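Bear in mind that the values here come from a model prediction, so they are computed numbers and not experimental data. Along the sequence shown, the residues carry numbers beginning at 1.
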Amino acid sequence: MKHTLIALAMGLASTAAFANTGNINFHGTITPGGTCPIEVVMPGTGGSILPQIGLGSYPPEYFGPTAGKQTTPRTFALRIDPDHCTINPGTDAYVTFTGAYGAAGTNLYSLKPHGATGVALAIQDRSLTNLAPGRESAPYPLKATEANEMLFHAMYENTGPVTDGDAASEVRFSVDIR
């Protein structure tokens with residue numbers, strides 16, 4: 001019995017020696033809603049709502065010395081379901097994004113302060129060009145009788161020499177259907 005207790009005590013002691021600390025990031029929003037619910041989804045899945053969009057992890061060296069290098073784009077969609085909104089035939093949707101941390105230059109979204117520097121978030125609409133903060137997207141023709149997925153692409157883009165750190169951003173969107 002003594003040997004079992006000693007072994008158990010040593011096992012517990014060795015487990016405690018490998019303890020570590022870390023961070024837990026919590027994120028959510030309270031939104032005013034609107035007349036038509038719009039979901040951020042993984043394109044083509046029919047229902048996979050995205051709580052966030054992962055852009056990957058890159059070393060500062062990936063970006064090189066000159067500004068403008070982009071990472072691999074991650075595609076996401078804003079889905080409008082005609083079961084929850086009335087969509088008239090022949091209407092288009094226009095999306096406007098606004099960065100919670102402001103703009104970085106003319107067509108990028110700033111990252112959360114106190115993280116990586118020299119890098120920002122780029123969002124492209126269906127024209128595959130960076131969509132400037134506060135500027136309306138290209139039109140997305142809507143179907144009146146089936147779900148509509150408006151595709152966008154997000155990636156990091158460097159604005160100068162990049163330093164390591166957290167590379168998070170928050171972007172709000174509004175959709176104008178007309």
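Here Leu131 contributes atom CG and His153 contributes atom NE2; the two are 11.5 Å apart, rounded to the nearest 0.5 Å. Summarising the geometry, atom CD1 belonging to Ile177 is positioned 6.0 Å from atom SG belonging to Cys85; distances are rounded to the nearest 0.5 Å. In this structure, CE on Met150 lies 11.0 Å from CZ on Arg126, to the nearest 0.5 angstrom. Within the model, atoms CG of Leu55 and CZ of Arg74 stand 7.0 Å from one another, a figure rounded to the nearest 0.5 Å. A distance of 4.5 Å separates OG1 of Thr91 from CG of Leu142, quoted to the nearest 0.5 Å. Rounded to the nearest 0.5 Å, atoms CD (Gln124) and OG1 (Thr129) are 6.5 Å apart.
For Lys143, the salt bridge (charged side-chain N to carboxylate O under 4.0 Å, His left out) partners two or more places apart in sequence, or in a different chain, are Glu146. Residues passing the salt bridge (charged side-chain N to carboxylate O under 4.0 Å, His left out) test with Asp92: none are found, sequence neighbours excluded. In terms of the side-chain hydrogen bond (donor to acceptor under 3.5 Å, both in side chains) criterion, Thr72 has no residue partners (sequence neighbours excluded).
Between Ala116 and Ala167, the shortest heavy-atom contact is CB-CB, 4.5 Å. Ala144 approaches Pro82 most closely through the heavy-atom pair O-CB, 3.3 Å. Nearest heavy-atom pair across Ala120 and Ala104 is CB-CB, 3.7 Å. The two residues Pro43 and Glu149 have their closest heavy-atom pair at CA-OE1, 3.3 Å. The shortest non-hydrogen separation linking Ala93 to Ile80 is CB-CD1, 4.4 Å. When every heavy atom of Leu78 is checked against every heavy atom of Val175, the shortest pair comes out as CD1-CG2, 4.4 Å.
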Test side-chain contact (heavy atoms from CB on, under 4.5 Å) on Phe173 and Thr96 and set out the steps.
CA-CA 6 Å; Phe173 66 86; Thr96 303; over 6 Å; no
Quick one: do Val95 and Asp125 satisfy side-chain contact (heavy atoms from CB on, under 4.5 Å)? Show the steps, please.
CA-CA 9 Å; Val95 180; Asp125 63 12; over 6 Å; no
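Cluster membership for Phe63 and Met155, using ILVMFWY side-chain heavy atoms within less than 4.5 angstrom, is not shared. Cluster annotation: Val162 is not connected to Leu108 through the hydrophobic network of ILVMFWY side chains, with a link wherever side-chain heavy atoms come within less than 4.5 Å.
Legend: side-chain hydrogen bond (donor to acceptor under 3.5 Å, both in side chains) pairs involving residues 155-164, not counting sequence neighbours, sorted by first then second residue: Gln70-Glu157, Thr117-Thr163, Asn130-Glu157. Pairs passing the ring pair (Phe, Tyr, Trp, His ring centres under 6.0 Å) check and including a residue from residues 79-102, sequence neighbours excluded, read Phe97-Phe152. Among residues at least two apart or in separate chains, there is no ring pair (Phe, Tyr, Trp, His ring centres under 6.0 Å) pair with a member in residues 109-137.
In terms of modelled atom types and a separation under 3.5 Å, the side chain of Ser169 and the main chain of Ser110 share a donor-acceptor contact.
A 4.5 Å side-chain heavy-atom check between Lys69 and Tyr62 finds at least one atom pair inside the cut-off.
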